K.L.:
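The structure is given below, and queries will be raised subsequently.
Throughout, a chain's letter reflects where its sequence line sits, starting with A, and its residues are numbered from 1. A quick note: this is a predicted structure, and the numbers were derived from the prediction, not measured.
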Protein chains: 2
Amino acid sequence: MTTEPTETTRRNPLSREKVLQAAVALADESGTGVPSMRTLAKRLGVEAMSLYHHFRNKSALLDGMVDSVFAEVELPSNDADWQTAMRRRSASMRDALTRHPWAITLMDSRTSPGRATLRHHNAVIGCLRSGGFSVAGTAHALSVLDGYIYGFTLQQLSLPFEPPADLEGVGGAILENLPRDEFPHLAEMIADLALQPGYAYTEEFDVGLDLVLDGLERERDRWT
Amino acid sequence: MTTEPTETTRRNPLSREKVLQAAVALADESGTGVPSMRTLAKRLGVEAMSLYHHFRNKSALLDGMVDSVFAEVELPSNDADWQTAMRRRSASMRDALTRHPWAITLMDSRTSPGRATLRHHNAVIGCLRSGGFSVAGTAHALSVLDGYIYGFTLQQLSLPFEPPADLEGVGGAILENLPRDEFPHLAEMIADLALQPGYAYTEEFDVGLDLVLDGLERERDRWT
DNA sequence: AGGTACAGCCTTGCGGTGTAAGGTTGTCAA
DNA sequence: TTGACAACCTTACACCGCAAGGCTGTACCT
């Protein structure tokens, strides 16, 4: 009697994972942040309300998105010493946050961590513990390290240009309508650094990371 | 002929500053973040669209809010050495961001800094420069310091409880439905630290800050 | 074979959002 | 007196998250 339009529907029903994947992809494409339920549904060839069968509300979906970003982050290996392990997972973390710029803003509004997030934290703690840190010392190290990683990435994302792009043009434009006599040090810094052809803000990350890691190494045995 | 209902209107017309003040207050009260234009207008006894006579769009209002937070931050004084000056302005910065939790989330979406923001950065740069840092060294120091401050505060704000509040209760609740055999290190850490009566996450800030400042002091003369 | 339970999806509708377009009003200078 | 003009309001639109409830194909039981 009727045709069989439901075939396609039945063939590929949507799932938590498929929805999350689409949501992440959509958020990555539009720099405007998280997609709306309606646009997300449209992308999946589905009505908006269907998504609520897989997620209790939008907040749950956001939780899932954040967790899927953590899932992309390389866990610290136990083969290397803790410093190189931390260096690698820090770079991986920063890369993931840069690939998904919406994630860092999302992170601070979510309070219930997912499994990938828990696994990540557990692995990092384990790495530091077997690297010789006490429990309290691990807490200190985690606080400084993650604080630095998130904060640096946050700053980098708020820069008014793409990281490798023409810093000269933007820097010059800022310099032009900046009252140089009112903010002399700021003007000097932009002039000296940002306009230097070779300057890449991204490299600052490693400078700070090394500073933090050196400090941790020095304090490690003092932290009982 | 008509009565004079406009008297109150004429007596206190709204201004950029009054709108900003109300917006900040409203954002502080409701933990839900930035107020909508309508609720903000209602608070001011005005219709929503009236606000657009003082701000080109909502983004401009948000810029103003962020700038007004920077205006609250204590500028580094030139009387003390750079380390204590940085320690004081860091604490002041963290306090401001804690008073206005919505600000840090807002910061990364704004790209055009206001006057108070520029003044703040200029003063910090000046303090480091006269503390003996080269231009490049100041850039490094700024990157690490601000990164740490923002990142730490971001983490602190995303904790699922009020900083001084009952960590025991929440920690215990988390511990209960956490698969301890799957995340042993995480469980150990929560058990050992968070449930300790004396533990206050806030104090972690100073531990990390001292670590960063010590590192900066050590690297200062190496950075040409 | 017939009945029933149910997961998956859709429809409708509500109260909220930012803001474009244009109307109204009080003030002040010419 | 007139006109310009800033401040403010009204209306309207397209979007948002989501509560409530309807429909339909599948699966299992008797």
K.L.:
Got a sec, which residues hit side chain to side chain donor-acceptor pair (under 3.5 Å) with Arg38(B), two or more places apart in sequence or on another chain?
P.N.:
none

K.L.:
Applying ring-ring contact (aromatic ring centres under 6.0 Å, His included), which residue pairs with at least one partner in residues 88-128 of chain A are found, sequence neighbours left out?
P.N.:
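Every pair satisfying ring-ring contact (aromatic ring centres under 6.0 Å, His included) with a residue in residues 88-128 of chain A: Phe70(A)-His120(A), Phe70(A)-His121(A), His100(A)-Trp102(A).
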
K.L.:
List for me each residue that meets ring pair (Phe, Tyr, Trp, His ring centres under 6.0 Å) alongside Phe205(A), sequence neighbours excluded, and say none if there are none.
P.N.:
Tyr148(A), Phe152(A)

K.L.:
Find the distance Arg16(A):CZ to dG8(C):P and express it as a whole number of Å.
P.N.:
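Distance check: Arg16(A) CZ to dG8(C) P gives 13 Å.
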
K.L.:
Short question: side chain of Ser92(B), backbone of Arg88(B) - any donor-acceptor pair under 3.5 Å?
P.N.:
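The answer is no, because no donor-acceptor pair under 3.5 Å joins these two groups.
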
K.L.:
In terms of the nearest nucleotide of DNA chain D, which residue is placed more toward the 5' end: Thr39(A) or Arg56(A)?
P.N.:
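First, find each residue's nearest nucleotide; the 5'-ward one identifies Thr39(A).
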
K.L.:
For a quick test of reading the model, state the closest non-hydrogen atom pair linking Leu75(A) to Ala123(A) and the distance between them.
P.N.:
CD2-CB, 4.0 Å

K.L.:
May I have the distance from Lys18(B) (atom NZ) to dC8(D) (atom C1'), rounded to whole angstrom?
P.N.:
14 Å

K.L.:
Using atom CG of Leu26(A) as one end and atom P of dC16(D) as the other, report the distance to the nearest whole Å.
P.N.:
11 Å

K.L.:
Tell me whether Arg129(B) is salt-bridged to Glu188(A), with the criterion being a basic N under 4.0 Å from an acidic carboxylate O.
P.N.:
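The answer is yes: the pair qualifies as a salt bridge.
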
K.L.:
Leu40(B) CG to dT19(C) C1': how many Å, rounded?
P.N.:
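My rounded result for the distance is 15 Å.
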
K.L.:
Is Arg89(B) paired with Asp146(B) through a side-chain N to carboxylate O contact shorter than 4.0 Å?
P.N.:
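A salt bridge links Asp146(B) with Arg89(B).
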
K.L.:
As a test of understanding, state which of His54(B), Met49(B), Arg56(B) forms a side chain to side chain contact (heavy atoms under 4.5 Å, CB included) with Tyr52(B).
P.N.:
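Passing option: Met49(B).
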
K.L.:
Below the 4.0 Å mark, does dC8(D) have OP1 or OP2 next to a side-chain nitrogen or oxygen of His54(B)?
P.N.:
yes

K.L.:
Tell me: CG of Leu51(A) to P of dA7(C), nearest whole Å?
P.N.:
18 Å

K.L.:
5'-most contact on DNA chain D: Ser36(A) or His53(A), nearest heavy atom basis?
P.N.:
Ser36(A)

K.L.:
Restricting to nitrogen or oxygen on both sides, can you table the protein-nucleotides 11-13 of chain C pairs closer than 3.5 Å?
P.N.:
none

K.L.:
Rounded to the nearest Å, what distance is computed from the OH atom of residue Tyr52(A) to the C1' atom of nucleotide dA7(C)?
P.N.:
19 Å

K.L.:
My understanding is that only residues two or more places apart in sequence, or in another chain, count here; which of them pass side chain to side chain donor-acceptor pair (under 3.5 Å) with Arg16(A)?
P.N.:
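With neighbours one apart ignored, the set is empty.
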
K.L.:
Please state how far atom NZ in Lys42(A) lies from atom C1' in dC9(C), giving the value in whole angstrom units.
P.N.:
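After rounding, the reported distance stands at 17 Å.
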
K.L.:
Under 4.0 Å from any atom of DNA chain D, heavy atoms only: list the residues of residues 58-67 of chain B that qualify, in numerical order.
P.N.:
none

K.L.:
Whole-Å distance between dC8(D) P and Leu44(B) CG?
P.N.:
10 Å

